[in-house]
Amino acid sequence: MQKVKLTNLKQMALTVAYVQEHGYGSREALRASYNEIASKRSEARMALRATEDKLKAVNEQIHYTGQYLSNKKVYGEMLKAKNKKKFRQEHSAEIALYEVAVKFLKAHHPDRKIPSMKSLQQEKDSLTICKTAQQETYQYFKDYVKELKTVCTNVDAILDQPQTRKPVRAQSHEIS
């Protein structure tokens, strides 16, 4: 019991020191700071998700552009072949991959201009750098929110805890 009280007192002292060090003059100021940081954490997470979605789309474009470019020659040979049916049968897998890639690229690039692999790779690289920075920002706010939540909980425990404990009297309800 004595060890628990000592640990609780140490935790209270650390909480009071944290509140003083960070200049929180009231419980409301602490809660306002917590709400502000929680909001920033939420915004950081949304920005990170948006970047991850863009990165996924760019990776998909890279995949289909590579598939298009690697099978373009075979498709061109089929168009020049005298016996197109036989050529198509012999190279059905490559032609099918080419056609799927063309369909995807046309759907995502209505202007029919396929981006170069170099530009897609540059976009992927910049998105990856952005994602890393956003992950760090999100992690910072996530840790900060956790820290402030702990402080808020500790302040509530300190301020709401009665200073002296009074024994609870059992009331007797005897019928006379």
Side-chain angles (χ1 to χ4, degrees), residues 1-72 97-98 100-165:
M1 185 70 162
Q2 188 68 12
K3 192 171 187 175
V4 172
K5 286 182 182 180
L6 187 58
T7 303
N8 289 346
L9 287 174
K10 284 181 182 178
Q11 190 61 42
M12 285 181 193
L14 289 172
T15 299
V16 170
Y18 182 93
V19 167
Q20 289 174 343
E21 182 181 321
H22 290 86
Y24 297 116
S26 67
R27 194 186 249 184
E28 292 75 26
L30 179 61
R31 289 205 189 286
S33 181
Y34 171 80
N35 291 335
E36 179 185 345
I37 298 303
S39 175
K40 287 181 179 181
R41 177 197 60 189
S42 180
E43 291 169 8
R45 181 66 185 135
M46 288 183 344
L48 177 59
R49 284 187 179 156
T51 300
E52 288 172 339
D53 290 343
K54 288 178 191 174
L55 190 57
K56 183 179 177 184
V58 168
N59 281 332
E60 194 173 31
Q61 286 184 14
I62 288 171
H63 170 76
Y64 283 109
T65 301
Q67 189 170 302
Y68 167 80
L69 293 172
S70 66
N71 295 302
K72 184 177 179 180
L97 289 172
Y98 174 84
V100 167
V102 167
K103 184 177 179 182
F104 173 87
L105 292 171
K106 281 183 180 179
H108 288 82
H109 300 284
D111 60 355
R112 301 212 186 252
K113 183 165 176 134
I114 299 171
S116 71
M117 204 53 118
K118 184 178 180 181
S119 68
L120 288 172
Q121 193 60 47
Q122 287 173 341
E123 186 176 359
K124 178 181 177 176
D125 292 344
S126 69
L127 285 171
T128 301
I129 291 168
C130 183
K131 178 184 170 187
T132 301
Q134 288 173 334
Q135 283 174 325
E136 290 172 5
T137 301
Y138 171 69
Q139 191 61 46
Y140 168 78
F141 285 125
K142 185 178 173 185
D143 293 344
Y144 198 6
V145 163
K146 184 178 177 184
E147 181 178 300
L148 286 177
K149 183 175 174 83
T150 301
V151 171
C152 286
T153 303
N154 290 348
V155 165
D156 289 344
I158 291 169
L159 296 178
D160 290 342
Q161 187 175 25
Q163 297 300 322
T164 58
R165 295 191 180 251

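No hydrogens, no waters, no symmetry mates; every other heavy atom, side chains included, goes into these values. Sequence positions, counted from 1, serve as the residue numbers for this chain.
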Just so I know, are the side chains of [X] and [Y] near enough to count as touching, which here means a heavy-atom distance under 4.5 Å?
X	Y	value
D156	R31	yes
N154	M12	no
Y138	R41	yes
Y140	I37	no
V100	F104	no
R45	K142	no

Is the side chain of [X] donor-acceptor paired with the backbone N or O of [Y] at a distance under 3.5 Å, no angle test?
X	Y	answer
T153	K149	yes
T51	A47	yes
S42	A38	no
S33	L30	no

Checklist entry - About how many Å separate CG of L48 and CD of E43, when rounded to the nearest 0.5 Å? => result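 It is 13.5 Å, given to the nearest 0.5 Å.
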
Next on the checklist: Once rounded to the nearest 0.5 Å, what's the spacing between atom CD1 of I114 and atom OH of Y68?
Outcome noted: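 So the gap between those two atoms works out to 4.0 Å.
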
Checklist entry - Checking side-chain contact (heavy atoms from CB on, under 4.5 Å) for the pair H108/Y64: CA distance, chi angles, key distance, verdict? => result CA-CA 11 Å; H108 288 82; Y64 283 109; over 6 Å; no

Item to check | Step-by-step side-chain contact (heavy atoms from CB on, under 4.5 Å) determination, Q135 to K131 | outcome: CA-CA 6 Å; Q135 283 174 325; K131 178 184 170 187; 3.4 Å; yes

Checklist entry - Yes or no on side-chain contact (heavy atoms from CB on, under 4.5 Å) for Y98 and V102, after CA distance, side-chain angles and deciding distance? => result CA-CA 6 Å; Y98 174 84; V102 167; 3.5 Å; yes

Checklist entry - So Y24 and H22, would you call those rings parallel, tilted or perpendicular, with 30° and 60° as cut-offs? => result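 Geometry flag for H22 against Y24: parallel rings.
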
Next on the checklist: Suppose we screen for side chain to side chain donor-acceptor pair (under 3.5 Å). Which residues come up paired with E36, at least two apart in sequence or across chains?
Outcome noted: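 Here the qualifying residues are K40.
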
Checklist entry - Could you walk me through whether E123 and K54 pass the side-chain contact (heavy atoms from CB on, under 4.5 Å) check? => result CA-CA 10 Å; E123 186 176 359; K54 288 178 191 174; 5.9 Å; no

